[in-house]
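Hydrogens, waters and symmetry mates play no part in the numbers below; they use all other heavy atoms, side chains included. Since this is a predicted model, take the numbers as computed values, not measurements. Letters A, B, ... mirror the listed sequences (proteins, then strands); counts begin at 1.
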Amino acid sequence: METNLIVEGFKFMGLGMGTVFVFLIIMILVMQSMAKIIDRFFPEPQAADIPAAKKDNKTIIAAITAAIKHHREG
Amino acid sequence: MKNIVLKFLALFMLFTFTNVMANEHATTSAQTVSTHQEETYKSKSFSQMITGFLKSTGVVALIHPRPDELSATGKPMSDFSKGLGRIIMILITFLLFWLAIAKGFEPLLLLPIAFGGFLANIPIADIAGPHGFLGVIYQAGLSNELFPIIIFMGVGAMTDFGPLLSNPKTALLGGAAQFGIFGTLVGAMVLAQMGLVDFTLKQASAISIIGGADGPTSIFIATKLAPELLGAIAVASYSYMAMVPIIQPPIMKALTTEAERKIKMTTLRHVSRLEKLVFPIVVLSLAILVLPESTPLIGAFMFGNFLKESGVVERLNDTLQNALINIVTIFLGLGVGSKLAADQFLVPETLFIMALGIIAFGVGTAAGVLMAKLMNLFPGHKINPLIGSAGVSAVPMAARVSNKVGMEYDRTNMLLMHAMGPNVAGVIGSAVAAGVLISLFQ
């Protein structure tokens with residue numbers, strides 16, 4: 001029996017594109033959940049540094065305002 | 001004082017004596033060799049020597065090919081591929097030199113390939129044969145698919161998955177572009193069914209992988225499925241990769257509206273180092289579970305990337321990205337060039353491979369752009385369809401093309417980093433597609 005090559009080609013295409021998409025979709029889902037897990041349980045130390053810096057700013061601002069107040073009063 | 005001088009003289013004499021003895025010994029052994037040579041070497045008249053030498057020149061070998069000369073694979077060749085064919089092939093390699101040097105078409109690979117092709121078409125010397133140095137290089141790293149794998153490690157070390165991790169859904173664009181591979185496979189089968197060419201399914205699969213726009217993957221698959229077509233497939237693959245900036249923009253512009261080309265994408269979120277470090281392991285684990293056949297390529301790729309992201313083996317990372325990939329590129333190019341011998345390259349199939357290759361590129365580009373338009377029909381952040389074309393691997397050329405076309409319509413629209421996402425997903429996608437093709441022939 002002679003195989004119809006075109007039909008074979010389409011079968012390959014179906015299987016191939018199917019696998020590629022299934023693989024990539026799983027990969028996307030894994031990437032999204034991975035980002036959530038890492039963000040939740042292992043946040044970057046840098047992310048922790050930034051609020052600390054903001055805090056410092058606040059204390060500095062407080063100190064400056066206190067100094068200005070003291071200067072005006074005195 | 002006198003004593004010392006005497007001792008010195010005595011020593012000197014001793015040395016001279018031993019030297020003379022040794023020389024005498026050498027001359028006697030040389031005499032025996034020359035008499036031995038005279039036994040096998042028949043004395044000829046001077047005119048006979050000249051005609052004998054002239055017969056061994058390249059000019060004569062090209063005009064009157066030796067009947068007993070075999071091809072690199074040990075098969076008898078037609079007179080055409082011993083004479084005129086070789087001259088045509090050498091001219092083709094000159095054309096490749098010109099493309100590489102004057103036009104800047106992937107010179108890093110095209111030059112070694114073209115020079116290898118030049119060497120492979122020299123008569124008599126049989127450089128591409130099993131004992132010639134090109135043949136040895138081919139045996140050492142191409143027939144066993146080692147060199148493309150090492151190149152993949154280097155590419156992995158150069159790849160940054162950050163843009164993909166920050167916008168995961170762009171990976172779908174890299175998947176859609178693999179349509180180029182399977183669309184071409186169907187195209188090759190149509191040609192075969194019509195009786196135009198005699199491609200087997202294996203050969204058609206090897207050709208279609210050109211659509212993945214990934215040089216090492218193409219070479220990997222070609223050596224595995226259809227080594228006889230390696231030369232044409234590699235040349236098509238690399239020259240079309242170099243032509244990405246010419247092939248892609250017309251297709252991208254034809255399939256998008258001006259408003260779509262001006263879509264601005266949201267800025268990418270910051271990706272933590274841990275995410276980048278875990279990602280190669282995660283993808284490799286997925287590949288192990290879904291398609292072990294793809295793990296040689298994905299494994300090597302992720303190995304290189306893991307070394308880079310680990311941040312503790314800077315020396316190895318540096319070697320992978322520079323020294324190793326450069327050395328292997330030289331050998332890979334020369335090895336592929338050995339397949340540019342006239343008897344293997346100057347066949348009608350080559351023309352069909354070139355034609356199918358460019359169709360594969362076009363279809364892949366179009367599929368990526370259309371996929372982006374399809375994704376825009378769903379709610380969520382809009383995607384600029386111009387980055388869809390970057391789904392064909394060709395890192396980072398395709399992403400640069402997306403960026404350039406985007407800038408033509410809006411100077412402030414920087415698409416480069418957005419396009420890198422589908423670009424690296426395209427590498428993974430074509431490795432998966434390659435794995436599927438290999439698994440089908442097991």
Side-chain angles (χ1 to χ4, degrees), chain A residues 1-70, chain B residues 161 164-179 181-194 199-201 204-205 208 269-275 277-279 282-283 285-287 289-291 294 367 425 428-437 439-440:
Chain A
M1 191 193 87
E2 193 171 310
T3 49
N4 186 333
L5 290 171
I6 302 175
V7 174
E8 288 301 307
F10 275 108
K11 279 194 235 165
F12 274 46
M13 181 193 264
L15 183 69
M17 287 310 288
T19 316
V20 169
F21 270 110
V22 167
F23 187 90
L24 289 177
I25 289 169
I26 297 175
M27 195 177 88
I28 292 170
L29 295 177
V30 170
M31 272 193 280
Q32 283 169 342
S33 40
M34 186 180 81
K36 274 181 198 147
I37 292 168
I38 288 180
D39 202 40
R40 176 136 182 222
F41 295 104
F42 311 96
E44 275 228 307
Q46 283 174 350
D49 283 346
I50 295 161
K54 274 181 186 164
K55 220 185 213 170
D56 282 348
N57 272 347
K58 271 181 192 164
T59 49
I60 290 166
I61 291 165
I64 293 171
T65 29
I68 292 170
K69 205 180 174 188
H70 179 77
Chain B
F161 282 114
L164 180 64
L165 283 163
S166 79
N167 195 0
K169 67 177 180 179
T170 53
L172 286 178
L173 304 172
Q178 308 314 318
F179 198 72
I181 295 179
F182 295 100
T184 313
L185 180 62
V186 173
M189 292 290 76
V190 171
L191 285 179
Q193 189 75 18
M194 283 159 62
F199 287 138
T200 62
L201 262 174
S205 307
S208 63
R269 71 170 175 89
H270 175 74
V271 177
S272 73
R273 185 172 159 241
L274 190 62
E275 269 186 87
L277 185 62
V278 173
F279 183 70
V282 167
V283 176
S285 313
L286 269 182
L289 296 176
V290 178
L291 192 66
S294 69
I428 298 175
S430 42
V432 172
V436 174
L437 289 177
S439 72
L440 283 171

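Interface residue B:V290: only side-chain heavy atoms are found under 4.5 Å from chain A. Residue B:L201 touches chain A through its side chain alone, counting heavy-atom pairs closer than 4.5 Å. The parts of B:L164 that come within reach of chain A are both its backbone and its side chain, each placing non-hydrogen atoms under 4.5 angstrom from that chain. Proximity to chain A is absent for every atom of B:A431, based on heavy atoms less than 4.5 angstrom apart. Proximity to chain A is absent for every atom of B:A204, based on heavy atoms less than 4.5 angstrom apart. Using a 4.5 Å cut-off between heavy atoms, A:V20 touches chain B through backbone and side chain atoms alike. Residue B:S205 touches chain A through its side chain alone, counting heavy-atom pairs closer than 4.5 Å. For B:R273, the parts lying under 4.5 angstrom from a heavy atom of chain A are both the backbone and the side chain. For chain A, the nearby parts of B:L165 are the backbone and the side chain; heavy atoms of each come within less than 4.5 Å.
Shown here for B:R269 and A:A35, the closest heavy-atom pair between the two residues is NH2-CB, 3.4 Å. For the residue pair B:G175 and A:M17, the shortest heavy atom distance occurs at O-CE, 3.5 Å. Between A:M31 and B:P168, the closest heavy-atom pair is CE-CB, 3.8 Å. Between B:V278 and A:M34, the shortest heavy-atom contact is CG1-SD, 3.7 Å. Between A:L5 and B:A192 the shortest heavy-atom distance is CD1-CB, 3.7 Å.
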Working for side chain to side chain contact (heavy atoms under 4.5 Å, CB included), residues A:F23 and B:L291: CA-CA 9 Å; A:F23 187 90; B:L291 192 66; 5.6 Å; no
Run the side chain to side chain contact (heavy atoms under 4.5 Å, CB included) test on A:M27 and B:L286 for me, step by step, so that the C-alpha distance in whole Å, both residues' side-chain angles and the decisive distance to 0.1 Å come before the verdict. CA-CA 8 Å; A:M27 195 177 88; B:L286 269 182; 4.0 Å; yes
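Note: B:L440 leads B:L185, B:V282, B:L440 in heavy-atom pairs under 4.5 Å with chain A.
B:L172 CG to A:I28 CD1: the interatomic distance, rounded to the nearest 0.5 Å, is 3.5 Å. Distance check, rounded to the nearest 0.5 Å: CD of A:E8 to CD of B:Q193 gives 10.0 Å.
Not counting sequence neighbours, the partners of A:V22 by the side chain to side chain contact (heavy atoms under 4.5 Å, CB included) test are A:I26.
Summarising the local packing, CZ of A:F10 is surrounded by 12 or fewer heavy atoms from other residues, nucleotides or ligands at distances under 6.0 Å. Within a 6.0 Å radius of CZ in B:F182, more than 12 heavy atoms belonging to other residues, nucleotides or ligands are found.
In this structure the side chain of A:F12 never reaches within 4.5 angstrom of the side chain of B:V436, judged on heavy atoms.
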Could you list the donor-acceptor pairs under 3.5 angstrom formed between side-chain atoms of residues 36-43 of chain A and any protein atom two or more places apart in sequence or on another chain?
none

